[in-house]
Amino acid sequence: MEKQLIIALGREFGSGGHIIAQQLADHYQIPLYDHNLLNHIATERNVNHENLKKYDEHPKNPFLTRTVRGYSNSPEENIARMQFEYIRKKADAGESFVLVGRCGESILKENPNMISIFVLGDEEQKIQRTMERNHISREKAKRMMEQHDYKRKTYHNHYSKGKWGDSRNFDLSINSSKLGLDETTSILIDYIDRRHPIATPMDEN
Amino acid sequence: MLAQILAIIIFIIMFALIILDKFERHITTLVCGLATIVLVFGLSMHSMNAFLETLNLRHIFSIGFWYEAGTVTESSSGINWATILFLAGMMIMVEGMARAGFFRWLCMTIANAVHYQVIPIFITFMIMSFVLAMFIDSITVILFLAAVTVELAQLLRFNPIPMILSEIFCANLGGSATMCGDPPNIIIGTSLRYTFTDFITNTGLMAVLSLVVMVLFFYFCYRKEFSTTSGAVTENMEHLSPKSAIKDKKAFLISCIIFLCAVVLLITHAQTGLTVAFIGVLIALITLITAGKEAIDLLKSIDYKTLLFFIGLFLVVGGLEQSGILELVASFIGDVSGGNMKIMIAIIIWVSAIASAFVDNIPFAATMIPIIKTLAATTGADLSVLAWTLAMGTDIGGSATPIGASANVVGTSIAAREGHPISWKQYCKSAIPATFIVILISMVCIYVRYL
């Protein structure tokens, strides 16, 4: 790949956004960064990954948090900022990657090679997918979806100016329930290729 | 009556906004301060005098503000300009020291002196944290100490969290020992006209006694964590050498001399008659003059937001004071205790400690000062005993939770930024018992010594 390509993909819980992100990363043969970002950070800093994982993409509790001269006691906030810093470093170094969540569309807004996508889905489809993936009842799946989306929304809105899932903040918002995951990925590839003509896979170069 | 209601509402809103942390603290206090001027002094009290007394500018132009020739004048209310000038002066001095590499040099010298053995580093860093925080703000102490601890932890392969938690606690404890260690003490000292010696011989003794107990407490809490670490370092020795910390030899020497001068001036200020406001301004001027071209950068490095926070805070508390609310609170405490000094002390120390564990101890202390003054005047209680009780309660109570004091926030943040997040549970596990023990020690000391 000659020119840098960054795909920042936000998603609703159960929309299959993560699978789509993986398919895009496979197609363009670029790394996928999601919760594995903390693995990289932990290795780099020689610390235990497990200690960081529990705070990943979690909103901070405003009642248990205080900020002094730009320092916050919230582990969630510090881990988030650590990830943002790592992502910016990768982007500034010219690396191509797919980034899932983590306010990617907002923190890499200034990067001209970034394409931002938000994947949403119909509630029924999202519930079905969550039930199948986690082997849980419909009720539990619905609750799980609501909880995760609430966390993602709170997390996102704390660090970004734009609201979570607001189509005005993304280059493209797409409902994965209408065409299915594979077709959605195809449309996204088509869009990315038009936006980014050199973004063809390595083996096709 | 209207003035009292408005003053309380503004005060509650200010506290709530500080806790919610939605806006920067200085914005919150300044807006609430402005509301106090307009709504309490203006619309309700129609009192220009109350406004001018709270603004307290006349005080700066009196000789007594800069030099007290042994006479104790009537303490002033309203904006405590002495605290603000002293803090600004110390900020400039500390920034100069930091730029010269003083703090890193000190940490590395001590680590080197104990041959990079983990347990000795653990103990000496606790003591160093205590001693430095006696003279320098605990944020700066922890800023450097925590960063060096993480660095040493990586090289010596130990978990830095227990060490950072112990350092934070000892920094808060050290701050309680002197008049200039912790902002509540500076406010108490300047408002009630106590000297550095008054603090060191009262809260200082309690703090030193508590330090001995706390070193043992943290040692027994965490000794297992450090027993498995290797200790001796074999690589990157050059990076750890104290000499490598010094960025500019001349600046380093000058900053050491200025720091020593500041310590001497503070210790002897009761004898020389120089006020802390004078010392703050003098130290700042010397630092700026010796800094040469860097003087502008030093001025820029002043934490203006904290100073503005203080100004707004004093205005809001001034509103409470002028409207007579704090007298009501004082009489309530007097009634509850039935004038019994033991109960009064227990109420002040435990309420201060518990409140400071969750809310900023600076507004709490600033509010409590007029209350203890009234309490002493109406019940005949010894004001100094109430002052030491308030100082220990607010200074130590802040250690109990990650948000109780600024040093806790900065220390936990530095640890997290380096990949060692500290949860509330992890923090409170050792901090709550430690705080409880020190408050108990302080209360017993006060009972035995003063009653």
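A note on names: the letters A, B, ... follow the listed sequences, proteins ahead of strands, and every chain is numbered from 1.
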Please report the C-alpha distance between Asn73(A) and Tyr427(B) in whole Å, then the side-chain angles of each, then the deciding distance to 0.1 Å, and finally whether the side chain to side chain contact (heavy atoms under 4.5 Å, CB included) criterion is met. CA-CA 11 Å; Asn73(A) 70 294; Tyr427(B) 185 95; over 6 Å; no
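- Within a 6.0 Å radius of CD in Glu110(A), other residues, nucleotides and ligands contribute 12 heavy atoms or fewer.
- Contacts between Tyr55(A) and chain B at a heavy-atom distance below 4.5 Å involve the side chain alone, from C-beta outward.
- More than 12 heavy-atom neighbours from other residues, nucleotides or ligands sit within 6.0 angstrom of CG on Asp166(A).
- Considering every non-hydrogen atom in both Gln154(B) and Arg45(A), the closest pair reads NE2-O, 3.4 Å.
- Contact check for Val410(B) versus Arg69(A): no side-chain heavy atoms found under the 4.5 Å cut-off.
- Between Asn48(A) and His420(B) there is no side-chain heavy-atom pair separated by less than 4.5 Å.
- Side-chain atoms of Ser406(B) and Tyr71(A), non-hydrogen and from C-beta on, never get closer than 4.5 Å to each other.
- In this structure, the separation between CZ on Arg66(A) and OG on Ser413(B) is 12.5 Å, given to the nearest 0.5 Å.
- Contact annotation for Ile79(A): only side-chain heavy atoms (C-beta onward) come within less than 4.5 Å of a heavy atom of chain B.
- Atom CD of Glu146(A) has more than 12 neighbouring heavy atoms from other residues, nucleotides or ligands inside a 6.0 Å radius.
- Other residues, nucleotides and ligands contribute over 12 non-hydrogen atoms within 6.0 Å of the CD atom of Glu124(A).
- Residue contact with chain B, scored on non-hydrogen atoms closer than 4.5 Å, involves the side chain of Val47(A) exclusively.
- Of the two parts of Glu418(B), the backbone and the side chain both hold a non-hydrogen atom closer than 4.5 Å to a non-hydrogen atom of chain A.
- Ile422(B) places none of its side-chain heavy atoms less than 4.5 Å from the side chain of Pro75(A).
- With a 4.5 angstrom heavy-atom cutoff, Ala407(B) does not touch chain A via any of its atoms.
- Residue Phe23(B) places its CZ atom among 12 or fewer non-hydrogen atoms of other residues, nucleotides or ligands, all under 6.0 Å distant.
- When heavy atoms are compared at a cutoff of 4.5 Å, Ile139(B) approaches chain A solely by way of its side chain, counted from C-beta outward.
- Contact count versus chain A (heavy atoms, under 4.5 Å) is highest, among Thr306(B), Ile18(B), Asp360(B), for Asp360(B).
- Side-chain contact between Pro421(B) and Asn78(A) is absent, with no heavy atoms from C-beta onward closer than 4.5 Å.
- Considering only heavy-atom pairs separated by less than 4.5 Å from chain B, the leading option among Pro62(A), Ser72(A), Ala42(A) is Ser72(A).
- At a threshold of 4.5 Å between non-hydrogen side-chain atoms, the residues Arg417(B) and Arg81(A) do not count as touching.
- When every heavy atom of Ile403(B) is checked against every heavy atom of Leu64(A), the shortest pair comes out as CG2-O, 3.5 Å.
- If you take OG1 on Thr67(A) and CZ on Arg25(B), they are separated by 10.0 Å, rounding to the nearest 0.5 Å.
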